[in-house]
Amino acid sequence: MKIYIPWLSSLLLIIIFSSCRNDNVSPIRNVRFDPGLLNPLQAAGGIPCTAHSYYYNGAEKSLGTVYSGMILLSFNDDLNHEKATAAAAQHGFIELLGQPVQTNSARLYPAKMAAGLSCQQVEVALIEIAKDPAVDYAAPYFESAGGQLLGVSNEFIVVVEEGRQPAAQVLKRLSEATQTEIVSTLSKDTFVLRTDKNSRGNALEMANFFHEQPSIKHAEPDFVVSLAM
């Protein structure tokens with residue numbers, strides 16, 4: 001269902017994922033952002049934001065620091081868009097909730113952050129919102145050199161090295177250790193795994209962790225590619 005909001009007609013959020021396009025957003029009404037919600041971060045002073053990277057085709061690719069304007073969320077399966085919007089409205093640092101995009105294992109909502117946040121404050125906001133029982137997953141966006149926004153999906157791809165142990169057995173051991181889950185098998189040695197807020201990290205962090213394991217040939221996160229205008 002499309003929601004048209006006249007006073008936001010000048011704001012367009014385009015979500016591109018698997019050749020799908022969503023250009024509607026839902027406002028979080030009657031919520032005033034209180035910078036004090038993220039005041040614990042003020043103690044960080046001049047500490048720089050964390051720089052992130054991932055591996056692709058055997059090379060490390062830089063993502064830079066967390067984008068301060070948007071995050072990516074998934075909610076409990078029993079929450080429809082209206083209820084997800086209400087859940088997001090409980091957090092004053094979220095201004096808009098976009099239409100969801102579907103991965104193999106979750107509905108992911110782009111959430112526009114209140115203006116004026118630093119990348120450090122967004123990192124704190126991700127930790128805070130993950131405490132919400134209604135939220136299943138929270139992850140950042142990164143801004144690419146071409147201006148696209150790369151949201152860290154809840155899934156990542158893993159290729160297992162050929163060895164004495166069957167690939168599925170290797171993945172089972174690692175997924176149990178990291179509280180991740182095998183979603184699908186793409187080939188005898190290639191798998192899609194999912195994360196949630198109870199995993200040892202988001203899909204970017206887990207892909208990097210798996211990449212470092214001697215039994216893993218390759219691991220990379222899946223991204224939601226977005227344009228915010």
Side-chain angles (χ1 to χ4, degrees), residues 13-20 22 38 41 44 46-74 93-94 96 98 100-101 103-106 108-130 135-159 174 178 180 183 190-197 199-213 216-229:
L13 180 66
I14 303 174
I15 302 301
I16 306 169
F17 183 79
S18 299
S19 299
C20 293
N22 297 286
L38 301 179
L41 185 66
I47 297 176
C49 296
T50 303
H52 298 264
S53 61
Y54 70 105
Y55 293 89
Y56 181 73
N57 286 339
E60 186 175 10
K61 296 181 69 68
S62 174
L63 288 167
T65 57
V66 165
Y67 176 65
S68 62
M70 196 154 63
I71 61 174
L72 200 58
L73 301 173
S74 72
F93 45 77
I94 296 178
L96 299 170
V101 293
T103 68
N104 295 297
S105 57
L108 298 175
Y109 292 80
K112 185 178 185 295
M113 303 297 280
L117 296 182
S118 69
C119 52
Q120 295 164 316
Q121 288 177 310
V122 171
E123 289 173 346
V124 171
L126 287 167
I127 295 172
E128 290 301 311
I129 199 168
V135 174
D136 281 341
Y137 181 73
Y141 273 86
F142 297 91
E143 187 171 13
S144 71
Q148 290 182 323
L149 301 180
L150 304 178
V152 180
S153 162
N154 70 313
E155 296 179 349
F156 60 106
I157 298 174
V158 175
V159 181
L174 288 173
T178 56
T180 55
V183 174
T190 305
F191 303 83
V192 176
L193 284 80
R194 64 170 290 178
T195 64
D196 60 27
K197 68 180 183 182
S199 302
R200 284 185 55 182
N202 60 40
L204 171 62
E205 294 163 332
M206 288 294 89
N208 287 341
F209 173 81
F210 274 66
H211 177 83
E212 295 171 354
Q213 306 311 304
I216 301 301
K217 182 177 181 180
H218 176 70
E220 67 177 82
D222 190 18
F223 293 103
V224 172
V225 182
S226 308
L227 292 177
M229 297 180 63

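Note that the structure is a prediction, hence the values are computed from the model and not measured.
Contact between Phe210 and Ala219 at its shortest, heavy atoms only, is CB-CB, 3.8 Å. The two residues Ser153 and Ala203 have their closest heavy-atom pair at O-CB, 3.0 Å. Across every non-hydrogen atom of Thr65 and Phe142, the tightest pair is O-CD2, 3.3 Å. Among all heavy-atom pairs drawn from Arg194 and Ser105, the shortest one is NH1-O, 3.5 Å. Nearest heavy atom pair, residue Thr178 against residue Met206, reads CB-SD, 3.7 Å. Between Ala111 and Leu73, the shortest heavy-atom distance links the atoms CB-CD1, 4.0 Å.
Rounded to the nearest 0.5 angstrom, Met113 CE and Ser118 OG are separated by 10.0 Å. Summarising the geometry, atom OG1 belonging to Thr180 is positioned 8.0 Å from atom CG belonging to Leu174; distances are rounded to the nearest 0.5 Å. Between the CG atom of Asn202 and the OG1 atom of Thr195 there is a distance of 6.5 Å, given to the nearest 0.5 Å. Once rounded to the nearest 0.5 Å, the distance linking CD1 of Ile216 with NE2 of His218 reads 11.0 Å. Residue Glu155 holds its CD atom at 4.5 Å from CG of Asn104, rounded to the nearest 0.5 Å. Here the straight-line distance linking atom CG of Leu193 with atom CG of Asp222 works out to 12.0 Å at 0.5 Å rounding.
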For Tyr137 and Val152: C-alpha separation, side-chain torsions, deciding distance, then whether side chain to side chain contact (heavy atoms under 4.5 Å, CB included) applies. CA-CA 10 Å; Tyr137 181 73; Val152 180; 3.6 Å; yes
Please lay out, stage by stage, how Phe93 and Ile129 fare under the test side chain to side chain contact (heavy atoms under 4.5 Å, CB included). CA-CA 10 Å; Phe93 45 77; Ile129 199 168; 4.3 Å; yes
Side chain to side chain contact (heavy atoms under 4.5 Å, CB included), that's the test. Do Tyr67 and Leu149 meet it? Break it down for me. CA-CA 8 Å; Tyr67 176 65; Leu149 301 180; 3.6 Å; yes
In sequence, state the C-alpha distance, the side-chain angles, and the governing distance for Val225 and Leu150, and then conclude on side chain to side chain contact (heavy atoms under 4.5 Å, CB included). CA-CA 5 Å; Val225 182; Leu150 304 178; 3.9 Å; yes
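With ring centers used as reference points, Phe223 lies 6.0 Å or more from Phe156.
Judged by distance alone, the side chains of Ser68 and Gln121 never bring a donor and an acceptor atom under 3.5 Å apart. A donor atom on one side chain and an acceptor atom on the other are not found under 3.5 Å apart for Ser74 and Tyr109. In summary, the side chains of Asn154 and Thr103 do present a donor paired with an acceptor at a separation below 3.5 Å, with no hydrogens or angles considered.
Looking only at distances, no side-chain donor or acceptor of Lys217 sits under 3.5 Å from a matching main-chain atom of Val159. Although no hydrogens or angles enter the test, the distance criterion places no donor-acceptor pair under 3.5 Å between the side chain of Lys112 and the main chain of Gly69.
In this structure the side chain of Phe191 never reaches within 4.5 angstrom of the side chain of Ile157, judged on heavy atoms. Looking at heavy atoms from C-beta onward, Leu63 lies out of side-chain contact with Lys61 at the 4.5 angstrom threshold. Annotation: side chain of Pro100 is not in contact with side chain of Leu108 (no heavy-atom distance under 4.5 Å). Pro221 has its side chain within reach of Leu204: a pair of non-hydrogen atoms, C-beta onward, lies under 4.5 Å apart. For the pair Ser226 and Met70, the minimum side-chain heavy-atom distance is below 4.5 Å.
Ring geometry for His211 versus Tyr55: interplanar angle under 30°, hence parallel rather than tilted (30 to 60°).
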